[in-house]
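One structure below.
So you know, we letter chains A, B, ... as the sequences are listed, proteins then strands, and number each from 1. What's counted below: heavy atoms across the whole structure, side chains too, no hydrogens, waters or symmetry copies.
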Amino acid sequence: MALLEVRELTKRFALSRRKSWLEREAVTAVNRLSFDLEEGRTLGVVGESGCGKTTLGKLLLRLVEPDSGGVRFLGADWLALRGGDLRSRRRDMQMVFQDPQASLNPRMRVGEAITEPLVIHEGLGAAGRARAAGALMERVGLPGSALRRYPHEFSGGQRQRLGIARAVSTRPRLLVADEPVSSLDVSIQAQILNLLKDLQRQDGMGMIFIAHDLRVVEFMSDQVAVMYLGRFVEQAPSRALYTSPRHPYTRALLSAIPPAPGEEPREAEGPEGEPPSPSAPPAGCPFHPRCPLKEPRCESQAPEWREVEPEHRVACHLA
Amino acid sequence: MNAPKPRALKWGAFFLLLFAGVALLAPWLSPQNPDRQSLAERLEPPSPLHWMGTDELGRDVASRMVWGARVSLGVGTAAVLATTLIGVLLGALAGAQGGWVDALIMRAVDIFLCVPTLFLVLALIVFLGPGIENVILVIALTGWTDIARLVRAEILSLREREFVLAARTAGASPWRLILKHLLPNALGPVYVSVTFGLAGAIMMEAGLSFLGLGVQPPTPSWGSLLTSGQDYLQTAYWLTLFPGLAICSSMLVIYLFGEGLREYFNPRAAQR
Amino acid sequence: METLLSLENLHVSFHTPQGDPEAVRGVSLELRAGETLGLVGESGCGKSLTALSLLGLLPPGATQTQDRLRFLDREWDRPTPEDWRSLRGREISIVFQEPFTSLNPVMRVGEQVAEVFRLHQGMARQAAWAASVEMLKKVGIPEAASRARQYPHQFSGGMRQRTLIAIALACKPRLLIADEPTTALDVTVQAQILKLLKRLKREMGLTLMLISHDLGLVAQMADRLAVMYAGEIVEMGDLQAVLGDPKHPYTRGLLACLPRLGAQGRLASLEGQVPEISYLPYGCAFHPRCAHAFKLCRRRDPELKEVEGRRVACHLYGSGE
């Protein structure tokens, strides 16, 4: 049984602009997404800004409610949970945020902040809390002596460690990490990525790793899904996706990464144009205006989401 | 939060404490009994015995000023505390709950805002009758809207911040969210606003008492002292000068403190 | 090759009540006409401040001193505000990271480019507009004539960055400084902007100083590379030499911790934190994070010395004999 099963998940946001007087314009941020995640595995989600990857994370965490679709988590209907039931199940799914500056309450001492989930779920007392805080700090490689400090006294990388400590405090089964290293310096990114991998291995957590950086995603993930205008356009085991991409957009993304020093030199080439506004997505295949291989049917007919090889799914007429 | 405390804050706090000290220690500081009349000493100018002179009934003005501080500052403080309590409570509720609760509270705010405050105050006080308790009540009832709007706006912007989302994913209850995460971070600007509210409340009390609608004689307050002095403006300047100075300087001190607080909470904005 | 700009011993300090910490500590560099110099480092290493001090654009509270600033055969040791104005825009231009806040939201895009022509070259309104449309065409804005009439919010991020490049290049400067020009953009758009910069550099004979935290990006563009750490250049030389065989432990560490496609297991990582400028370690600023640090590193800050065809500031290489 899969840890997480997502079916046809959809979220639309109404804009303040109106189409007519009765109807507001809307953006379909997440459009009928379906995927599974096994225990202890990592699904990487890549895409450019505005593709809906952050909304996907928030939907899974129930920070935003979907319009339709289903989510089963740990064998139960995750979307049916309400109020206190939902709050008590939240310990099994936690999130690491992008901005370590903003993800800690500036007026809470860090010892208090990282143990808050434990206080909520296990009603720890002061002594238990101090013990748990010390252990958590050690797990994420921070000195236990820093527990009484405030978040602003830490550097960006250290604050991200605190955010991670808090997220893993309840030993969740699934960790959703939304751009956890994109605001960090290069030399710090590696530390945080290694830490996330270590913690995942120790606890056997599943992970949804959302990022725009294809290198980082490849390093972290077993499976990678490429998102464009609210949909998955390709999903495959990491190795397969990077070595034999099937969707033209995936190929374009891969060719746009500048080669790292030491890799085979080549000119970085991206696709032409920029992603269209999600409030007015193109008809047919959403990628067709930028696609070098476009055919007439791409303009009118949306491609199906189909399996072209075991575990390798693509939404493209030509794949 | 470790920024050096601005100078305005230090001096403002110092003088504010001085005023508060005078008010609190009135029974010991007051040179004489403020109500003791002495017809032999009517309308005497300031002298070593009566530093601020005497009034038309021969009462010691300095003593009445000290006791008046108690009433003026006391009423102001009580009123502003009540204002804040109502404002923070309703503002937090509106911001954190949203939906119809928010709509209801904000429409109430709109209604209060579209009636001129002075008219509302006068109407209420005429309806309720003059007196210390009613002055406090009226100021609180008419002043809460500013704080409520401020708190609501702060909470609305905080609600989308990542640490609040993090608390939600941790399973925090709505109450925990409000008390531990939203309110403590929303209160910075509220402190500033409360300080200026204090100045407003003291002014309002002085105004009402001056009009005879506030504190009733013989209880001294700075506003009522001004009233009783107005008949003698040309012959006994000390009856109006000292209460006037007291009101004025308390305003200055409060504003100084408020500016200091603002700078403390938002160092960059204050430089501009 | 002709030297376009040479800067010697630049210091930038910030005035604070607690003292005047230095954010740039003795940077010297040369730009040869027509080359691309990549300036690489992490946040707070002083790379942007170094660039801004070439234009006299330091933020309030920051002061710069240098022993020598030579640009186009003229010495500008103590440039006055007028000196800066005559250099800025005309001879040296800069493109910033933020394409979203750098344009005036209530002015037509074409006007904003035309303004440069009017102010700097005294062109008449119509001529300036025509030149503006021409410039927008040159930076690859499709249907430039009608697009010029639009407002910035109608432009995508990539087109805004193109517009900013057009503004920067309107007066045909000799030197273009690009400070993280693609950091705020998507990967696919980043590739387009880099291509554009390469083309413009060739067409206009520009000298380019490219500032970035991204070694991969700089590797694609630069001829020479300078790596900065804690306000100093720690290694500088030809791109191939530095990347192919990095000498400074920091350069090595930075290269090693980049995730590579197809790599497995753990990433090599630089432990520790980037130091804050007010609490710099004594001696070599990198020594607390350096695996090779020895006694001397804790005592003395190494100077840049010639090592195998590039310059390195590290005691591991011939420590002062």
Side-chain angles (χ1 to χ4, degrees), chain A residues 46-51 141 154-158 181-195 197-198 212-220 238-239 242-243 249 252-277 290, chain C residues 40-45 142 155-159 182 184-195 198 213-221 225 229 239-240 242-244 246 250-251 253-276 289:
Chain A
V46 272
E48 299 181 272
S49 54
C51 73
F154 293 83
S155 70
Q158 290 171 325
V181 298
S182 64
S183 64
L184 302 176
D185 277 318
V186 192
S187 73
I188 309 298
Q189 284 190 5
Q191 299 173 5
I192 298 296
L193 294 176
N194 283 336
L195 174 67
K197 266 199 165 178
D198 292 346
H212 70 281
D213 185 329
L214 288 120
R215 293 174 181 286
V216 169
V217 168
E218 196 230 24
F219 174 71
M220 293 300 291
S238 191
R239 174 73 50 91
Y242 282 76
T243 52
Y249 178 62
L253 270 184
L254 286 170
S255 73
I257 335 176
E263 284 175 353
E264 194 181 318
R266 60 179 160 76
E267 187 82 353
E269 296 269 356
E272 292 300 309
E274 294 179 40
S277 155
R290 301 174 75 190
Chain C
V40 175
E42 300 180 276
S43 55
C45 72
F155 273 37
S156 65
M159 294 225 294
T182 62
L185 304 174
D186 283 321
V187 217
T188 57
V189 182
Q190 163 175 314
Q192 297 165 11
I193 295 290
L194 293 182
K195 231 190 210 172
K198 270 190 174 168
H213 68 283
D214 185 342
L215 262 176
L217 184 153
V218 172
Q220 228 191 0
M221 300 283 293
L225 183 63
Y229 187 79
L239 184 82
Q240 299 310 330
V242 175
L243 292 186
Y250 177 62
T251 319
L254 264 191
L255 276 168
C257 64
L258 284 180
R260 262 157 242 268
L261 293 178
Q264 297 288 316
R266 291 171 63 85
L267 289 168
S269 75
L270 269 170
E271 292 308 321
Q273 310 293 328
V274 180
E276 281 180 52
R289 303 177 72 185

### Message
Under 4.5 Å from any heavy atom of chain A, what part of C:A268 do you find: side chain, backbone, both or neither?
### Response
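Contact with chain A is through the backbone of C:A268 alone.
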### Task
Under 4.5 Å heavy-atom distance to chain A, tell me which part of C:Q190 shows up: side chain, backbone, both or neither.
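The answer is the side chain of C:Q190.
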### Message
Could you work out, with salt bridge (Lys or Arg N to Asp or Glu O under 4.0 Å) as the rule, every residue matching C:R260, not counting sequence neighbours?
### Response
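None.
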### Task
Can you see which heavy atom on C:G272 is nearest to which on A:I188, and at what distance?
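That would be O-CD1, 3.5 Å.
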### Residue pair A:D185 / C:E42: nearest heavy atoms and the distance that separates them
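What the structure gives for the nearest pair is CB-OE2, 3.0 Å.
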### Task
Please check if atom CD in C:E276 has more than 12 non-hydrogen atoms from other residues, nucleotides or ligands closer than 6.0 Å.
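No, not enclosed.
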### Task
Taking the side chain as every heavy atom from C-beta outward, state whether C:T188 and A:E274 have any atom pair closer than 4.5 Å.
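Side-chain contact under 4.5 Å: no.
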Could you look at [X] and say if it's the side chain, the backbone, both or neither that has a heavy atom under 4.5 Å from chain C?
X: A:D198; result: side chain
X: A:E218; result: side chain
X: A:L193; result: side chain

### Message
Can you tell me which of C:E271, C:K198, C:Q273, C:M159 forms the most heavy-atom pairs within a distance under 4.5 Å of chain A?
### Response
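Most heavy-atom pairs under 4.5 Å with chain A: C:Q273.
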### Query
What residue, out of C:A219, C:P142, C:S43, has the most heavy-atom pairs lying under 4.5 Å from chain A?
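Between C:A219, C:P142, C:S43, the count favours C:S43.
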Reported [atom1]-to-[atom2] distance for the pair [X] and [Y], which is rounded to 0.5 angstrom:
X: C:L267; Y: A:Q191; atom1: CG; atom2: CD; answer: 11.0 Å
X: A:L254; Y: C:L261; atom1: CG; atom2: CG; answer: 7.5 Å
X: A:Q189; Y: C:H213; atom1: CD; atom2: NE2; answer: 7.0 Å
X: C:L185; Y: A:H212; atom1: CG; atom2: NE2; answer: 10.5 Å
X: A:S187; Y: C:L258; atom1: OG; atom2: CG; answer: 10.5 Å

